Amino acid sequence: MKIASVVGARPNFIKLAPIHKAITNFSDHVIIHTGQHYDYKLSEIFFKEFNLPKPNFNLKVGSGTPGFQIGEMVKRLEKIFLESHFELVLVYGDTNSTFAGALSAVKSGISVAHVESGLRSFDRYMPEEINRVLTDHLSDYLFAPTQTAIKNLQREHVFGKVFNPGDISVEIVKVAVQLSSKSLILNNLQLVPKSYILFTMHRVENTDSAESLISVIHAFEILSEVEIVFPIHPRTLQMFRGKNMLERLEECKNVRLIQPVGYVDFIKLMQNAKKVITDSGGVQKESYLLGIPCITIRKNTEWVETVNEGWNILTDTDTNKIVNATRDWMPPATIQMKPIFGDGRTSLVIKNSIMSLMP
Ligand code: UD1
């Protein structure tokens, strides 16, 4: 069976890793990198950490407006699809590369399978929300990670066949935890376990709003007694700089601004953090799996189960809410976390589903 995976951004590579391992024995699996992320620390490092082969194709689309990125990807993918005769194209998550991969495949007459399907924030301002909805309605096979995701797909009467294999992060986090015993990140940054907060922010609705950036800096200033480790995404750095706020951020002596880190180091940082503050979807899941309280600086979340279980709290970028949650909020005492993301056999179930479906 000839299968292609289209990936392009950091969260796509992470989800690709276990799927590649599961399907590579029974299929001719071709990896197509759109080039959406091109910095070593947002791209190549993940291929190295997870022993993924070098992509068979790199379309080198790079940065640009959504129209440019998606348009160029669709065009360049079409050329490969028309020549290579794949039976199935796999896409992952909700990035521009995900949607472009699905659209180009469908237009080339190839079946599409979407890994991490059915997530909704119901926030039409989020670029990822549009990518999710469109990708789901283009897909023939939809692998939904949670019960909420399945209900979302049923309500929208999607065309394709829906499966519930659980969430792929359970497997990746397990592997990363094993590898993290070798990580030197705590020593290198001289961090004491459970003494710091891990912070990430890269969503357009936060980074592109001066108000949100100020609100976050203000929270950092009030939390001067708390050490905050902030691996900063290139777009976030650009926005702080562009809105003349980088200096004020750098003046927060409690904030350790560091470059983006690889997955294993990131999991090590998360495992040893007191709490996590984030606007990332992946980090909300990973912190739940690691039993680390998560403060989400968004108005809504797709991962409602983590909130329902009491391990994730939504504060938006409201300064007071961030400060209070950082200082005072704690999840309920839990002996064992509920397996809301499944039993860690997601890649196997996806592999078996693909094998049984294809002619
Ligand atoms: C993308 C995804 C987002 C995902 C995130 C993870 C979309 C719409 N968004 O957001 O869902 O959570 O990746 O990181 O697909 N840049 C670099 N180096 C790079 C890549 C980007 O400097 O390797 C800079 C560029 O200036 C670019 C900006 O970051 O303009 C934004 O990059 P882009 O790929 O458009 O979206 P992300 O914000 O990374």
Side-chain angles (χ1 to χ4, degrees), residues 6-17 33-49 55 58-74 77 91-104 114-117 119-121 123-136 168-169 172 199-209 212-213 230-243 246 257-263 266 276 278-287 296-298 300-303:
V6 177
V7 289
R10 182 166 62 178
N12 301 146
F13 312 135
I14 296 167
K15 287 162 201 144
L16 166 71
H33 189 321
T34 63
Q36 178 175 349
H37 283 180
Y38 42 85
D39 280 2
Y40 175 80
K41 288 190 162 146
L42 293 189
S43 173
E44 208 182 321
I45 189 167
F46 299 99
F47 285 81
K48 288 209 166 122
E49 284 186 305
N58 190 325
L59 309 181
K60 299 207 164 142
V61 168
S63 300
T65 60
F68 166 82
Q69 264 187 344
I70 294 168
E72 283 302 313
M73 288 174 196
V74 171
L77 283 167
V91 294
Y92 306 80
D94 56 16
T95 67
N96 287 342
S97 301
T98 310
F99 168 52
L103 180 58
S104 195
H114 185 200
V115 177
E116 202 186 82
S117 165
L119 297 179
R120 298 289 181 268
S121 64
D123 177 356
R124 304 289 282 194
Y125 180 65
M126 261 183 104
E128 292 85 358
E129 179 75 356
I130 307 299
N131 290 338
R132 288 177 196 134
V133 172
L134 294 173
T135 303
D136 283 338
I168 198 79
S169 347
I172 317 160
F199 182 92
T200 80
M201 176 170 76
H202 72 274
R203 294 248 166 251
V204 176
E205 64 265 32
N206 287 338
T207 56
D208 293 20
S209 144
S212 297
L213 298 183
F230 183 2
I232 191 162
H233 187 287
R235 83 165 296 123
T236 312
L237 184 63
Q238 251 174 40
M239 288 299 166
F240 273 110
R241 190 176 283 132
K243 295 188 192 305
L246 189 56
L257 277 184
I258 60 170
Q259 295 218 344
V261 296
Y263 197 67
F266 191 73
V276 172
T278 191
D279 61 6
S280 150
V283 175
Q284 291 174 61
K285 283 187 285 183
E286 289 150 358
S287 58
T296 297
I297 46 173
R298 286 178 46 194
N300 47 54
T301 179
E302 307 77 38
W303 302 104

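Whatever order the structure lists them in is the order used to number ligands and atoms, beginning at 1. Source: prediction; values computed, not measured.
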J.: What protein heavy atom is closest to atom 31 (C) of ligand 1, reported as residue, atom name and distance in Å?
T.: Arg235 NH1, 3.4 Å
J.: At less than 4.0 angstrom from any non-hydrogen atom of Gln69, what atoms of ligand 1 do you find?
T.: 34 (O), 35 (O)
J.: Quick one: which of Arg10, His202, Glu129 has a heavy atom closest to atom 5 (C) of ligand 1?
T.: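 The residue whose heavy atom sits nearest atom 5 (C) of ligand 1 is His202.
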J.: Which residue and non-hydrogen atom of the protein lie closest to atom 9 (N) of ligand 1, and at what distance in Å?
T.: Glu128 OE2, 3.5 Å
J.: Under 4.0 angstrom from ligand 1, any heavy atom of Lys41?
T.: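 The answer is no: ligand 1 sits nowhere under 4.0 Å from a heavy atom of Lys41.
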J.: May I ask you to check whether over 12 heavy atoms, not counting those of Lys60, lie within 6.0 Å of atom NZ?
T.: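 At most 12 heavy atoms, drawn from other residues, nucleotides or ligands, come within 6.0 Å of this atom.
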J.: What part of His37 sits under 4.0 Å from ligand 1 if we count only heavy atoms: the side chain, the backbone, both or neither?
T.: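 Both backbone and side chain.
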J.: Go through ligand 1 atom by atom and flag the ones less than 4.0 Å from a non-hydrogen atom of Ser63.
T.: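 The atoms of ligand 1 under 4.0 Å from a heavy atom of Ser63 are 25 (C), 26 (O), 27 (C), 30 (O).
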J.: Are Thr200 and His233 close enough, and set up right, to give a side chain to side chain donor-acceptor pair (under 3.5 Å), and what steps lead you there?
T.: CA-CA 8 Å; Thr200 80; His233 187 287; over 6 Å; no
J.: Kindly confirm or rule out an N or O of Asp39 lying under 3.5 angstrom from an N or O of ligand 1.
T.: yes
J.: With no hydrogens and no angle check, do the side chains of Thr95 and Asn12 hold a donor and an acceptor under 3.5 Å apart?
T.: yes
J.: State whether Arg132 and Asp94 are salt-bridged, where the test is any N-O pair (Lys NZ or Arg NE/NH1/NH2 against Asp/Glu carboxylate O) under 4.0 Å.
T.: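 Yes, this pair counts.
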J.: For Thr301 and Gln284, what are the C-alpha separation, side-chain angles and deciding distance, and is it a side chain to side chain donor-acceptor pair (under 3.5 Å)?
T.: CA-CA 9 Å; Thr301 179; Gln284 291 174 61; 2.6 Å; yes
J.: Return the residue, atom name and 0.1 Å-rounded distance of the protein heavy atom closest to atom 16 (N) of ligand 1.
T.: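 Protein heavy atom at minimum distance: Tyr38 OH, 3.6 Å.
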J.: Would you call the rings of Phe199 and Phe230 parallel, tilted or perpendicular, taking 30° and 60° as the class edges?
T.: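 Answer is perpendicular, since the angle exceeds 60°.
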J.: May I ask you to decide whether Lys285 forms a salt bridge with Glu302, counting only side-chain N to carboxylate O separations under 4.0 Å?
T.: no
J.: Quick one: does Ser97 get an N or O within less than 3.5 Å of an N or O on ligand 1?
T.: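 Min N/O separation from ligand 1 is not below 3.5 Å for Ser97.
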J.: Going by heavy-atom distance to atom 24 (C) of ligand 1, choose the closest among Pro234, Pro11, Pro127, Pro260.
T.: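 Considering heavy atoms of Pro234, Pro11, Pro127, Pro260, the nearest to atom 24 (C) of ligand 1 sits in Pro234.
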J.: Quick test: of every protein heavy atom, which one is nearest to atom 33 (P) of ligand 1, and how far off is it to 0.1 Å?
T.: Gln36 NE2, 3.9 Å
J.: For the rings on Phe13 and His37, is their centre-to-centre separation under 6.0 Å?
T.: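 No: the rings miss the under 6.0 Å criterion.
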J.: For Asn96 and ligand 1, does the shortest N/O to N/O distance drop below 3.5 Å?
T.: yes
J.: Sort out for me which residue in Arg10, Glu286, Glu49 forms a side chain to side chain donor-acceptor pair (under 3.5 Å) with Tyr263.
T.: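 Among Arg10, Glu286, Glu49, the one that satisfies the side chain to side chain donor-acceptor pair (under 3.5 Å) with Tyr263 is Glu286.
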J.: Taking heavy atoms and a distance under 4.0 Å, where does Asp94 meet ligand 1: side chain, backbone, both or neither?
T.: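 Looking at Asp94 and ligand 1, just side chain atoms fall under 4.0 Å.
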J.: Specify side chain, backbone, both or neither for Leu42, according to which of its non-hydrogen atoms lie closer than 4.0 Å to ligand 1.
T.: side chain
J.: Which atoms from ligand 1 have a heavy atom of Gln238 less than 4.0 Å away?
T.: 25 (C), 26 (O)
J.: Thinking salt bridges, do Asp208 and Arg235 make one under a 4.0 Å N-O criterion?
T.: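 Salt bridge between Asp208 and Arg235, a charged N being under 4.0 Å from a carboxylate O: yes.
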